[in-house]
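These values consider heavy atoms only, across backbone and side chains, with no hydrogens, waters or symmetry-generated copies.
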Amino acid sequence: MEIIRCEELMKTYGNNSAAVHAVDGVNLSFEQGTFTAITGKSGSGKSTLLHLLSGLDRPTSGKVIYQENNLFQYNDNQLSVLRRRRFGFVFQAYNLVRELTAQENILLPVMLDNRKPDEEYLKRLTDMLGIEDRLNHLPGAMSGGQQQRVCIARALANKPAILFADEPTGNLDGKTGREVLTLMRTISTELGITMILVTHDLGVAEQADRIIRLEDGKVAEDSGEGASL
């Protein structure tokens, strides 16, 4: 079942002869519960595409359809609420609040939404991520791998439908990166979450169900049969 798609998606910077098409007429559809890796050289448009799909950036033209609604028909406040409730984000930079403990960082999106935490769910999440003994630690007292696991728990705290990840293992050593990615995939599979991940690392991409390669803002290759519109 399709969960999100984009139609003729364009993101252009500059005008006339100086125009740069970071994303150039992309049509893609993503199935619920799948793991897709978006790859490409630096400057190919992969992070821009992820930001457009997730509503973090607005396109020059085109649509992103989630649950039959175009994200870009929402106003900024509506889009912010949708992202907080239905999308999770993991980036290369950990973006943890340094003054808050791991547990407080994880609970941030739930508290911002004025919702009561699902204690049982969050305990299961932290147990799966192996950070149950780090919950009272500040970010500065944790390793990079532990901080990224806290970021993943925070991204999943609101039970999102889609987890967007941009180079989530980029700041980690090879072994830790593989462990973190395996955890992300395991949790996403168990919880039925769709994962869309950007990476330049082919070793990471090869763990996905589907690999999309971008070149000059266009889809150059797509291993997903019938997944492009």
Side-chain angles (χ1 to χ4, degrees), residues 3-4 32-37 47 50-51 53-56 66 77-173 175-199 204 207:
I3 187 167
I4 193 168
Q32 184 173 342
T34 56
F35 172 18
T36 301
S47 289
L50 190 84
H51 289 178
L53 288 171
S54 61
L56 288 174
Y66 172 71
N77 184 59
Q78 291 170 325
L79 193 52
S80 178
V81 170
L82 174 70
R83 287 196 306 262
R84 189 167 65 240
R85 292 180 177 176
R86 304 307 300 148
F87 299 164
F89 300 91
V90 181
F91 298 104
Q92 182 173 347
Y94 308 130
N95 295 327
L96 296 174
V97 180
R98 312 304 295 179
E99 296 77 21
L100 299 182
T101 65
Q103 182 159 2
E104 290 167 340
N105 269 286
I106 292 168
L107 289 173
L108 261 182
V110 181
M111 297 307 184
L112 286 171
D113 213 23
N114 295 315
R115 298 167 74 179
K116 185 178 178 181
D118 183 337
E119 301 289 353
E120 184 178 341
Y121 168 76
L122 290 173
K123 184 180 186 309
R124 181 185 173 204
L125 202 56
T126 55
D127 286 350
M128 290 173 72
L129 286 163
I131 54 173
E132 64 279 1
D133 61 343
R134 291 289 182 269
L135 295 179
N136 292 320
H137 288 60
L138 294 173
M142 293 184 286
S143 68
Q146 290 165 347
Q147 290 185 63
Q148 193 60 298
R149 291 174 190 223
V150 171
C151 292
I152 294 167
R154 180 182 60 187
L156 297 174
N158 256 346
K159 303 180 183 178
I162 306 175
L163 179 63
F164 294 97
D166 194 348
E167 300 283 7
T169 62
N171 280 336
L172 306 175
D173 63 75
K175 180 177 181 292
T176 304
R178 287 190 294 274
E179 290 174 353
V180 166
L181 184 64
T182 298
L183 281 169
M184 288 177 68
R185 174 155 195 172
T186 299
I187 293 170
S188 296
T189 299
E190 287 197 17
L191 301 179
I193 295 169
T194 303
M195 186 157 71
I196 303 175
L197 176 148
V198 159
T199 183
V204 170
Q207 296 189 47

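In this structure, CD on Q147 lies 9.5 Å from CG on L172, to the nearest 0.5 angstrom. Annotation: the span from L122 atom CG to K159 atom NZ amounts to 8.0 Å, rounded to 0.5 Å. Here the CG-CD distance, from D127 to E132, works out to 5.0 Å after rounding to the nearest 0.5 Å. Rounding to the nearest 0.5 Å gives a distance of 7.5 Å between OG1 of T169 and CG of L197. Atom CD1 of I4 sits about 8.0 Å away from atom OG of S54, to the nearest 0.5 Å. Here the straight-line distance linking atom CG of L53 with atom CD1 of I162 works out to 8.5 Å at 0.5 Å rounding.
Residues forming a side-chain contact (heavy atoms from CB on, under 4.5 Å) with R178 (at least two apart in sequence, or on another chain): K175. Residues satisfying the side-chain hydrogen bond (donor to acceptor under 3.5 Å, both in side chains) test with E99, not counting sequence neighbours, are none. In this structure, E120 has no salt bridge (charged side-chain N to carboxylate O under 4.0 Å, His left out) partners at least two apart in sequence or on a different chain. Shown here are the side-chain hydrogen bond (donor to acceptor under 3.5 Å, both in side chains) partners of T194, two or more places apart in sequence or in another chain: there are none.
The shortest side-chain heavy-atom distance between P117 and M111 falls under the 4.5 Å cut-off. Contact of the I131 side chain with the I106 side chain is registered, since non-hydrogen atoms from C-beta on lie closer than 4.5 Å.
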Open item on the list: side chain to side chain contact (heavy atoms under 4.5 Å, CB included) for Q148 and N171? Distances and angles first, verdict last.
Closed with: CA-CA 9 Å; Q148 193 60 298; N171 280 336; over 6 Å; no
- [ ] Start with the C-alpha distance between R115 and R84, add both sets of side-chain angles, then the distance that settles side chain to side chain contact (heavy atoms under 4.5 Å, CB included), and finish with yes or no.
- [x] CA-CA 12 Å; R115 298 167 74 179; R84 189 167 65 240; over 6 Å; no
TODO: Report the C-alpha distance between L96 and C151 in whole Å, list the side-chain angles of each, state the deciding distance to 0.1 Å, and finish with yes or no for side chain to side chain contact (heavy atoms under 4.5 Å, CB included).
DONE: CA-CA 7 Å; L96 296 174; C151 292; 3.7 Å; yes
Open item on the list: Go through it in stages, so that I can follow the logic: the residues are M128 and I152, the test is side chain to side chain contact (heavy atoms under 4.5 Å, CB included), and I'd like the CA-CA distance, side-chain angles, deciding distance and then a yes or no.
Closed with: CA-CA 11 Å; M128 290 173 72; I152 294 167; over 6 Å; no
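Remark: side-chain polar atoms of N105 are paired, donor with acceptor, to backbone N or O of L100 under 3.5 angstrom. Under a 3.5 Å cut-off, the side chain of R154 and the backbone N or O of L108 do not form any donor-acceptor pair.
Across all their heavy atoms, G55 and L79 have their closest contact at O-CD2, 3.5 Å. Heavy-atom minimum distance, A157 versus L125: N-CD2, 4.3 Å. Taking all atoms of both residues into account, the shortest heavy-atom contact from I196 to L50 is O-CD1, 3.6 Å. Across every non-hydrogen atom of V90 and A155, the tightest pair is CG2-CB, 3.7 Å. Of all non-hydrogen atoms in D166 and V198, the two that sit nearest each other are OD1-CG1, 3.3 Å.
Residue pairs meeting the ring pair (Phe, Tyr, Trp, His ring centres under 6.0 Å) criterion with at least one member in residues 149-171, sequence neighbours excluded: F87-F164, F89-F164.
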With a cut-off of 3.5 Å and sequence neighbours excluded, list every side-chain donor-acceptor pair involving residues 134-142.
none

